[in-house]
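Below is one structure, written out as structure tokens; comments come after it.
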Amino acid sequence: MSEEPSEPSVAPLLEALSVRRNAAVGAATGVALAVLAYVFRLGRAAGPFAGTREFPILGETGWFLLLSVVLASAAALLVTTLLTLVSLVRLVHEEA
């Protein structure tokens, strides 16, 4: 039987790019942004006037909580991606 070459591990690359740290920073940033936006919304400083819109099934609070989760996820992904790209550029410059 012939042995197949083992696939290279991506763990060293993930460690070199600080992906775990970047993901933690991204998650914290996303949650902070979502909480800030939700608190801003609860203060009624933005958005439709009370009684002018209908929010089926979940109600106004439920829909804005759901939007906060989407905002947190998107912001976390964006920040993680940007920080990982910065780590990649730094790593390439160090190797060159």
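S18 is linked by a side-chain hydrogen bond (donor to acceptor under 3.5 Å, both in side chains) to nothing, counting only residues two or more places apart in sequence or in another chain.
Neither L83 nor L88 shares a network with the other; the hydrophobic side chains, linked directly or stepwise wherever heavy atoms of I, L, V, M, F, W or Y lie under 4.5 Å apart, form separate groups for each. Following chains of ILVMFWY side-chain contacts shorter than 4.5 Å, one can reach L14 starting from V92, so the two form part of one hydrophobic cluster. Hydrophobic clustering places V19 together with L13 (ILVMFWY residues linked when any side-chain heavy atoms are closer than 4.5 Å, directly or through intermediates).
Under the side chain to side chain contact (heavy atoms under 4.5 Å, CB included) rule, L17 has a single partner from L91, V10, N22, which is L91. The side chain to side chain contact (heavy atoms under 4.5 Å, CB included) test with V31 is passed by exactly one of V35, T29, L33: V35.
A distance of 8.5 Å separates OG1 of T84 from CZ of R21, quoted to the nearest 0.5 Å.
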Would you list the atom pairs, donor with acceptor, under 3.5 Å between side chains in residues 65-79 and any protein atom, with sequence neighbours excluded?
| residue | atom | partner | partner atom | Å |
| --- | --- | --- | --- | --- |
| S68 | OG | F64 | O | 2.9 |
| S73 | OG | V69 | O | 2.9 |

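The side-chain heavy atoms of T80 and V25, taken from C-beta on, include no pair separated by under 4.5 Å.
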